[in-house]
Amino acid sequence: AQVGGTYPGASYGTNVTLSTPRYINGDFTVSGGKTLTLTGGGVFFVAGKFTMSGGGTVFNSGIIAADGIITISGGGGYNNTGDPTTSGIFGFAANSKAIVLSGGSSAPLHGVAYTPNGGIELSGGSNWTGMLISGGAGTLGKITMSGGSRITYPAGFFGTLKALPALPPLPHTSTTVVTLTGRREL
């Protein structure tokens, strides 16, 4: 058995609060501007896709990890605690869009987005505060930004990183390509 328990995949159209650690066996979706609050500061692992859509917001001080693609879209927010050093999104899909942050946001997007096997896409005015790390081989490992998206890297961020006491090494040694289109701000 998994620490914290194993639960089936689910789709929520209501606000939901869940404790961590927690293992979800299947896809997990929160839609329609609703809020997902994860308590306990542990790992919320999804053996499938993790999707927040339609302006949904995640409040989390731990790690969200998924075997499938992680999508936060339609104006959603992640980690509104204001401290990007305390939470993270880990996407393990071997896909050039293992983590997708799209559709702008009135809510902040904060934390560490890490995908050792794939890439990260920011589009449609999404603004990320924290760190983006991709490690997929070849074209899988790109970080792509478009549509006025922006990354803010706080001074001294890596030295104060609480979400990842020890990052696992990336599976290759090639240089990650960052593609900027539209506004080119970093």
Side-chain angles (χ1 to χ4, degrees), residues 29-31 33 36 46 49-60 63-164 167-186:
T29 301
V30 177
S31 61
L36 169 64
V46 179
K49 297 176 189 173
F50 176 89
T51 305
M52 290 289 297
S53 64
T57 302
V58 178
F59 292 93
N60 179 33
I63 303 295
I64 293 175
D67 281 342
I69 293 171
I70 295 174
T71 304
I72 299 177
S73 65
Y78 176 79
N79 187 21
N80 284 353
T81 66
D83 183 357
T85 68
T86 63
S87 73
I89 302 171
F90 290 13
F92 294 105
N95 187 300
S96 63
K97 295 180 181 181
I99 298 175
V100 177
L101 307 165
S102 67
S105 182
S106 57
L109 295 165
H110 294 273
V112 175
Y114 172 65
T115 174
N117 305 313
I120 300 171
E121 177 183 89
L122 268 74
S123 64
S126 295
N127 298 311
W128 185 265
T129 299
M131 187 182 299
L132 302 175
I133 306 166
S134 70
T139 59
L140 289 181
K142 293 192 313 184
I143 297 173
T144 304
M145 295 173 53
S146 64
S149 294
R150 191 171 53 201
I151 300 171
T152 302
Y153 184 83
F157 180 78
F158 193 75
T160 61
L161 194 57
K162 300 170 195 162
L164 310 172
L167 269 177
L170 296 175
H172 65 91
T173 58
S174 66
T175 302
T176 298
V177 176
V178 176
T179 304
L180 303 174
T181 60
R183 284 175 45 184
R184 290 173 170 84
E185 295 180 31
L186 285 178

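Counting only heavy atoms from C-beta outward, the side chains of Leu132 and Leu122 approach each other to under 4.5 Å.
Looking at Thr115, its side chain never comes within 3.5 Å of a backbone N or O of Ala98 through a donor-acceptor pair. Of the possible donor and acceptor atoms, one in the side chain of Ser149 sits under 3.5 Å from a partner among the backbone N and O of Ser126. At distances below 3.5 Å, at least one donor-acceptor pair connects side-chain atoms of Asn117 with backbone N or O atoms of Phe92.
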Give the table of side-chain donor-acceptor pairs shorter than 3.5 Å for residues 64-74, with sequence neighbours excluded, one pair per line with atom names and distance.
none

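Residues forming a salt bridge (Lys or Arg N to Asp or Glu O under 4.0 Å) with Lys97 (at least two apart in sequence, or on another chain): Glu121.
Using bins of under 30°, 30° to 60° and over 60° for the plane-to-plane angle, the ring pair Phe90/Tyr114 lands in the perpendicular bin.
From Ile89, atom CD1 reaches atom NE2 of His110 across 12.0 Å, with rounding to the nearest 0.5 Å. To the nearest 0.5 Å, atoms OG (Ser134) and NZ (Lys142) are separated by 10.5 Å.
Taking both residues in full, the closest heavy atoms of Trp128 and Ala113 are given as CZ2-N, 3.8 Å, listed atom of the first, atom of the second, then distance.
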